[in-house]
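Okay, structure first, notes after.
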Amino acid sequence: MDVLSRPANEFDNDHSLELLWAEKAYEHAEVYFNMLCSVDPRFLNLTPYDDIIYRTFREHFPDFDVSSVNEDVLKSTAEKVKWRAFIEKFNKLDNFSYGTLLRPRSNEEFSADNSILVVRIQFLAIEIARNREGQNDRWRKRPNPQKYTK
């Protein structure tokens with residue numbers, strides 16, 4: 001019998017795997033924020049597909065306020081339907097569905113109170129928009145980027 005065809009309740013969550021994921025998400029957040037502090041965000045390319053991601057994001061979400069993301073709204077049933085259509089367009093990108101930390105408030109650093117879990121393509125769409133629309137300009141050339149504190 002194929003293991004993947006067995007009922008999900010037969011498997012336990014592997015705590016060490018969850019810790020590894022959390023560590024990767026944390027490292028990604030720290031590296032990204034340090035990049036924001038090191039270069040002009042308006043010229044920062046996160047992928048070779050930034051132009052397509054940005055254009056498609058703004059076509060799907062023309063009024064989305066990237067400066068302040070409300071997690072409850074973002075993860076509401078209605079928004080999930082909209083995001084699913086957007087996400088599906090990028091399912092060929094590597095790691096498009098990885099869990100990634102996003103700062104809901106672009107004017108604040110990553111912190112325990114300013115981090116939410118999103119799918120990587122959502123992170124990319126929102127952060128590319130923030131970079132191009134000047135929301136991340138305040139972090140440029142910040143003298144000593146802070147370490148993300150859990």
Side-chain angles (χ1 to χ4, degrees), residues 8 12-150:
D12 292 327
N13 285 339
D14 183 344
H15 185 65
S16 62
L17 188 59
E18 290 176 5
L19 287 175
L20 287 173
W21 172 87
E23 186 177 307
K24 281 285 187 201
Y26 161 77
E27 288 172 2
H28 177 268
E30 188 174 52
V31 167
Y32 176 69
F33 194 77
N34 285 334
M35 284 176 21
L36 283 181
C37 297
S38 302
V39 300
D40 185 340
R42 290 179 193 249
F43 302 108
L44 181 61
N45 284 317
L46 302 179
T47 76
Y49 310 102
D50 284 13
D51 291 338
I52 296 165
I53 293 170
Y54 178 70
R55 186 173 53 252
T56 306
F57 171 66
R58 281 305 180 201
E59 286 169 1
H60 279 74
F61 303 96
D63 300 320
F64 191 97
D65 180 6
V66 294
S67 67
S68 182
V69 177
N70 182 312
E71 182 175 17
D72 294 331
V73 172
L74 182 71
K75 296 182 179 184
S76 70
T77 303
E79 285 297 303
K80 282 182 180 181
V81 170
K82 292 179 193 174
W83 277 103
R84 196 171 295 120
F86 173 81
I87 291 167
E88 187 59 32
K89 293 181 182 292
F90 297 99
N91 65 3
K92 300 283 190 237
L93 286 175
D94 288 341
N95 309 326
F96 82 100
S97 65
Y98 278 22
T100 307
L101 295 176
L102 173 76
R103 294 171 300 128
R105 295 173 302 281
S106 65
N107 64 341
E108 297 178 25
E109 297 181 25
F110 277 107
S111 69
D113 294 332
N114 196 40
S115 298
I116 59 174
L117 180 64
V118 298
V119 176
R120 172 96 23 114
I121 193 65
Q122 286 177 302
F123 165 85
L124 290 169
I126 292 167
E127 285 297 334
I128 290 166
R130 285 176 173 175
N131 291 343
R132 292 185 177 198
E133 296 169 10
Q135 294 295 321
N136 283 328
D137 285 356
R138 72 186 321 256
W139 303 113
R140 183 174 160 218
K141 299 196 179 192
R142 184 182 170 135
N144 293 311
Q146 298 290 314
K147 292 244 184 217
Y148 171 61
T149 54
K150 299 177 194 176

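- For the pair Tyr54/Asn131, no side-chain contact is recorded, criterion being any heavy-atom separation below 4.5 Å from C-beta on.
- Residue Lys75 places its NZ atom among more than 12 non-hydrogen atoms of other residues, nucleotides or ligands, all under 6.0 Å distant.
- Between atom CH2 of residue Trp139 and atom CG of residue Leu36 there is a gap of 8.5 Å, rounded to the nearest 0.5 Å.
- Atom NZ of Lys82 and atom CZ of Phe64 lie 10.0 Å apart (nearest 0.5 Å).
- Heavy-atom neighbours of Phe61 CZ from other residues, nucleotides or ligands within 6.0 Å: above the threshold of 12.
- Summarising the geometry of Arg132 relative to Asp51, their closest heavy-atom pair is NH2-OD1, 2.6 Å, with the distance given to 0.1 Å.
- Ile128 is not listed as a side-chain neighbour of Phe57, based on a closest heavy-atom distance of 4.5 Å or more.
- No side-chain heavy atom of Asn34 sits under 4.5 Å from any side-chain heavy atom of Val31.
- Here the straight-line distance linking atom OG of Ser76 with atom CD of Glu71 works out to 11.5 Å at 0.5 Å rounding.
- Using a 4.5 Å cut-off on side-chain heavy atoms (C-beta onward), Glu27 and Glu23 make contact.
- Counting heavy atoms from C-beta outward, Ser67 and Asn107 have side chains that stay 4.5 Å or more apart.
- A salt bridge links Glu133 with Arg58; the closest basic N to acidic carboxylate O contact falls under 4.0 Å.
- The heavy-atom pair separating Asp50 from Leu44 by the smallest distance is OD2-O, 3.8 Å.
- Between Phe86 and Ala125, the closest heavy-atom pair is CZ-CB, 3.7 Å.
- Rounding to the nearest 0.5 angstrom, the gap separating the CD atom in Gln122 from the CG atom in Leu102 is 8.5 Å.
- Considering only heavy atoms from C-beta on, Leu46 comes within 4.5 Å of Met35 through its side chain.
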For this session: Could you please spell out the steps behind the side chain to side chain contact (heavy atoms under 4.5 Å, CB included) verdict for Thr47 and Ile53?
Result: CA-CA 9 Å; Thr47 76; Ile53 293 170; 3.7 Å; yes
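- To the nearest 0.5 Å, the span separating CD on Glu79 from CG on Leu74 amounts to 7.0 Å.
- Shown here for Arg103 and Glu109, the closest heavy-atom pair between the two residues is CD-C, 3.8 Å.
- Here the closest non-hydrogen pair linking Val69 and Val66 is CG2-O, 4.1 Å.
- Ile121 CD1 to Ile126 CD1: the interatomic distance, rounded to the nearest 0.5 Å, is 10.5 Å.
- Using a 4.5 Å heavy-atom cutoff, the side chains of Phe90 and Thr56 are in contact.
- Between Tyr32 and His28, the angle of the ring planes stays under 30°, which puts this pair in the parallel group of the 30/60° scheme.
- Checking side-chain atoms of Asn114 against main-chain N and O of Arg105 turns up a donor-acceptor pair under 3.5 Å.
- The shortest heavy-atom contact between Arg130 and Ser106 is NE-CB, 3.5 Å.
- No side-chain heavy atom of Tyr98 sits under 4.5 Å from any side-chain heavy atom of Phe123.
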